[in-house]
Amino acid sequence: MPISNEEIAALFENMAALLEVKGENVFKVRAYQRAARAIEQHPEPLEVMVREGREEELQGIPGVGEAIAAKIVELIRTGRVRAYEEVKAQFPPGVLTLMEVPGVGPKTALRLVREVGVQTVEDLEKAILDGRVAALPRMGPKSAENILRAIHAMRRKERRIPLGDALPVAEAVASALRERLPAITHALPVGSIRRWRDTVGDIDIMVVAPDGQAVMDTLARLPMVTQVLAQGPKKGSVLVAQGLQVDVRVVEEEAFGSMLQYFTGSQQHNILLREYANRLGLSLSEYGITDVRTGALEKFSSEEAFYRRLGLPWIPPEIREGLQEIEVAARGEAPRLVTLEDIKGDFHVHTNWSDGQDPPEAMVAAAKALGYAYVAITDHSQGLGVARGLTPERLREQRRLLRSLEERYGIRIFQGSEVDIRADGTLDLPDEVLGELDLVVAAVHSALQQPREKMTQRVIKAMDNPYVTVLAHPTGRLLGEREPVDIDLEAVFTAARERGVALEVNASPKRLDLKDTHIMRAREVGVPLVISTDAHRREALGDMRFGVAQARRGWCQAAHIVNTWPWERVEAWVRERRRG
DNA sequence: GCCGTTTTCGGCCCGACTGTTTTCAGTCG
């Protein structure tokens, strides 16, 4: 069973936590944390790199040096890391568990285990309720109460929430603040929302106003706020519905640029940017840039000016993840990322002929209104009974309608099908029917529990069919609802490139599938990509922005995305594949 | 433990908030 980058990252994350408990050098701890994050985001499975004898490339990952590279190899070859086992043996397992509670760090966790004897979150809750925690020296009733609240909040909300769910909440809080306090000139979502991460852990909102205290008082009294976690003059944290945490920072207008940069993050990007600035003799903070030699603070009204002062072009928020973006920008090699304006059409759209809500007319009109040159209507195939999939006869009937709409709306309409990939890898429509379509989007909808090898072969078999144009939502995940299928994506990427099949970046905020790191890897491998909304109603065509953002997070340029091409080129590409 | 437009040694981002503290440690982002 191969070990995933996420599992390797988790080990180093635990290693860092244990070293922190042990009281190790904080920079060593940070080194492990940084490596863990970089490994988690690394596009290619490290297991593949080691298996293919490319161990020396491990040190190309930012933050991975000789020692950590050796531990990665050890883990992949032997299934364990001796140094980790040794440090783990020095502490009761409860320490790491307790540190999962927000507000409980290494110091507190160790004291709770050693001096109160708790090992689990349940133990901890009991110990707080019977007063044993508050009785500790340098603890008190308020500290204990805060930990208890954190435990309850943790139980309400364990996971990160999908971007599509967080965004409306963030906008509601921001606009509520603006309405109630006219002195606010800006209130905007920042943090991982502004970076368009597929899921977010909390909501960050930056507010520009002359009086921070007034903003915090207003925040605390908002109707959607259920609890105030922290409240100072410049910064506050509250809980809103579903236990979602909202962090607000207030700044004066003149520091707009530096605060926007700071609060957008990511934290790792900021750390690296601050190190970069230090080498220039500059010190960065949310308030501006200080010349270390003179002590003078320079303020910035825009992010562009802030980055420019560091000799850098503006870096798009989507790629501020602390990978190589600063070095690349400094060399003047930053890619021009794909934009929404580059998108010329949508390749995956449903109508009420299958499980969509709106008729083909409405979907076509909506695509036209977005300025698209083309749209593919891809209703489900017959086998998907729950989605009222189309039989070959219904498909032919629909084609006549689409031809008439094409003239009426002046937009190229591709008739396609989202054809089901059956459990054995065969397709749900015969080749002669597929051949009558302009393009074919193939997807897995059933037997999602198949083992890795079987699922991988099933999907590759489907891609063997020359009529298959796009593999849709390749991992099948539904954010917050369904885990991705177990599939060897490296094998799928290679097969897709060899066959000239495009992989979908499904833009629906419920899916975002492929996800950012997969997109990055697919792009590296040379797989053509398509950004599609999978819209089931006309408004959902607007989800394209989520998909474009994910592609940008994967460092995609327009050239990597098939639906930035004019329709003539798309048609030629489909024909070429069919000829083999 | 990592890393280099000062460096293979000696640094390592920076500030806000809380609670329990008479001056700061712990935690977080």
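Throughout, a chain's letter reflects where its sequence line sits, starting with A, and its residues are numbered from 1.
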message: For a quick check under 3.5 Å, do Thr218(A) and Arg180(A) share a side-chain donor-acceptor pair by atom type?
response: no

- request: Measure from OH on Tyr276(A) to P on dC2(B) and round the result to the nearest Å.
  value: 24 Å

message: Under 4.0 Å, counting only non-hydrogen atoms across every strand here, what does Val104(A) touch: a base, just sugar-phosphate, or nothing?
response: sugar-phosphate

task: Side-chain contact test, heavy atoms from C-beta onward, threshold under 4.5 Å: evaluate it for Tyr276(A) versus Leu312(A) and give yes or no.
output: yes

query: Base, sugar-phosphate, or nothing for Ser266(A), non-hydrogen atoms under 4.0 angstrom?
result: nothing

query: Taking the nucleotide of DNA chain B with the closest heavy atom to each, which residue, Tyr32(A) or Phe27(A), is nearer the 5' end?
result: Tyr32(A)

- request: Return yes if a side-chain donor-acceptor contact under 3.5 Å exists between Ser508(A) and Asp543(A), otherwise no.
  value: no

Cationic N near anionic O, under 4.0 Å, Arg308(A) to Glu303(A): no

message: Any heavy-atom pair between the side chains of Met49(A) and His42(A) that's under 4.5 Å?
response: yes

- request: Just call it for Leu273(A): base, sugar-phosphate, or nothing, with non-hydrogen atoms closer than 4.0 Å on any strand.
  value: nothing

task: Test Asp198(A) against every option in Arg511(A), Arg477(A), Arg160(A) by the salt bridge (charged side-chain N to carboxylate O under 4.0 Å, His left out) rule and name the one that passes.
output: Arg477(A)

- prompt: With a 4.0 Å cut-off on heavy atoms, is Asp204(A) in touch with a base, just the backbone sugar-phosphate, or nothing at all?
  reply: nothing

query: P atom, dT21(B) versus dG11(B): distance in rounded Å?
result: 36 Å

Show each protein N/O and nucleotides 21-25 of chain B N/O combination with a separation under 3.5 Å, one pair to a line.
none

- prompt: For atom C1', what is the distance between dT7(B) and dC12(B), given to the nearest Å?
  reply: 13 Å

query: Does a side-chain N or O from Lys235(A) land closer than 4.0 Å to OP1 or OP2 of dC17(B), or not?
result: no

query: What nucleotide among dG1(B), dT18(B), dG29(B) has an atom nearest to a side-chain atom of Asp247(A)?
result: dG29(B)

field: dT6(B): syn or anti, per glycosidic angle within 90° of 0
entry: anti

- request: Determine: side-chain N/O of Asn146(A) to OP1/OP2 of dG19(B), distance under 4.0 Å, yes or no.
  value: yes

query: Within the distance-only criterion (no hydrogens, no angle test), does the side chain of Gln550(A) pair as donor or acceptor with the backbone N or O of Trp196(A) below 3.5 angstrom?
result: yes

message: Without decimals, in angstroms, what is the distance between Leu282(A) CG and dT5(B) P?
response: 15 Å

task: Please name the residue in the list Glu24(A), Glu13(A), Glu275(A) that meets the salt bridge (charged side-chain N to carboxylate O under 4.0 Å, His left out) test with Arg30(A).
output: Glu275(A)

- request: Could you let me know what dT8(B) is paired to, Watson-Crick or G-U wobble, both distances under 3.5 Å, or none if it's on its own?
  value: none

statement: Among the nucleotides dT20(B), dT5(B), dG1(B), whichever has the atom closest to the side chain of Pro141(A) is dT20(B)

task: Tell me what Phe263(A) touches on the nucleic acid: a base, only sugar-phosphate, or nothing, going by heavy atoms under 4.0 Å.
output: nothing

message: Among residues at least two apart in sequence or on other chains, which ones pass salt bridge (charged side-chain N to carboxylate O under 4.0 Å, His left out) with Arg51(A)?
response: Glu47(A)

query: Tell me, which of residues 206-220 of chain A have any heavy atom that sits under 4.0 Å from an atom in DNA chain B?
result: none

field: Whole-Å distance separating the CD atom of Glu100(A) from the C1' atom of dT27(B)
entry: 16 Å

message: Taking only the P atom of each, what is the distance from dT5(B) to dG1(B) in whole angstrom?
response: 23 Å

- prompt: If you find the nucleotide of DNA chain B closest to Ser143(A) and the one closest to Ala109(A), which residue's nucleotide is nearer the 5' end?
  reply: Ser143(A)

message: Quiz question: by atom type and distance under 3.5 Å, do the side chains of Gln261(A) and Asn270(A) form a donor-acceptor pair?
response: yes

task: Tell me which residues in residues 54-82 of chain A put a heavy atom below 4.0 Å from DNA chain B, sorted by number, or none.
output: Pro62(A), Gly63(A), Val64(A), Gly65(A), Glu66(A), Ala67(A), Ile68(A), Lys71(A)

task: Identify which one of Phe256(A), Tyr287(A), Phe306(A) satisfies the ring pair (Phe, Tyr, Trp, His ring centres under 6.0 Å) criterion when paired with Phe300(A).
output: Phe306(A)

- request: Measure the CZ-CG distance between Arg34(A) and Leu272(A) for me, rounded to the nearest 0.5 Å.
  value: 5.0 Å

- request: Test Arg553(A) against every option in Glu321(A), Glu325(A), Glu318(A) by the salt bridge (charged side-chain N to carboxylate O under 4.0 Å, His left out) rule and name the one that passes.
  value: Glu321(A)

field: Distance between P atoms of dC13(B) and dC3(B) (Å, rounded)
entry: 13 Å

message: Can you measure Ile271(A) atom CD1 to dC12(B) atom P for me and round it to whole angstrom units?
response: 13 Å

task: Without swapping roles, check the side chain of Gln231(A) against the backbone of Met216(A) for a donor-acceptor pair under 3.5 Å.
output: yes

- prompt: How would you label the contact of Thr108(A) with the nucleic acid (heavy atoms, under 4.0 Å): base, sugar-phosphate, or nothing?
  reply: sugar-phosphate

Nucleotide dC2(B), atom P - distance to CG of Leu272(A) in whole Å: 15 Å

field: Members of residues 287-311 of chain A that approach DNA chain B, where some heavy atom sits under 4.0 Å away
entry: Tyr287(A)

- line: Winner on side-chain proximity to Arg34(A), out of dG1(B), dC3(B), dG29(B), is dC3(B)

message: If only side-chain N and O atoms count, and only distance matters, is there a donor-acceptor pair under 3.5 Å linking Arg336(A) with Gln557(A)?
response: no

field: Phosphate-side-chain proximity, Ser237(A) and dC28(B), N/O vs OP1/OP2 below 4.0 Å
entry: no

field: Which nucleotide in dC13(B), dG1(B), dT7(B) has an atom nearest any side-chain atom of Arg274(A)
entry: dC13(B)

message: Please classify the nucleic acid contact of Glu275(A) as base, sugar-phosphate, or nothing, using heavy-atom distances under 4.0 Å.
response: sugar-phosphate

message: Rounding to an integer number of angstrom, what distance separates dT20(B) and dT27(B) when you compare their C1' atoms?
response: 15 Å

message: List the residues meeting ring-ring contact (aromatic ring centres under 6.0 Å, His included) with Phe91(A), not counting sequence neighbours, and say none if there are none.
response: none

Given dA16(B), dC17(B), dC12(B), the nucleotide with the shortest approach to the side chain of Arg249(A): dA16(B)

Among dC14(B), dG29(B), dG19(B), the one nearest Gln267(A) by side-chain distance: dG29(B)

- request: Tell me which nucleotide among dC17(B), dT7(B), dG15(B) gets nearest to the side chain of Ser285(A).
  value: dG15(B)

query: Base, sugar-phosphate alone, or nothing: which one does Arg30(A) contact when heavy atoms must sit under 4.0 Å apart?
result: base

Nucleotide nearest Glu286(A) (side chain, heavy atoms from C-beta), chosen from dT20(B), dC17(B), dA16(B): dA16(B)

- request: Answer yes when Lys299(A) and Glu253(A) have at least one side-chain N-carboxylate O distance shorter than 4.0 Å, and no when they do not.
  value: no

message: Under 4.0 Å from OP1 or OP2 of dT6(B): is there any side-chain N or O of Asn278(A) that close?
response: no

field: Rounded distance in Å - CG (Leu112(A)) to C1' (dT27(B))
entry: 14 Å

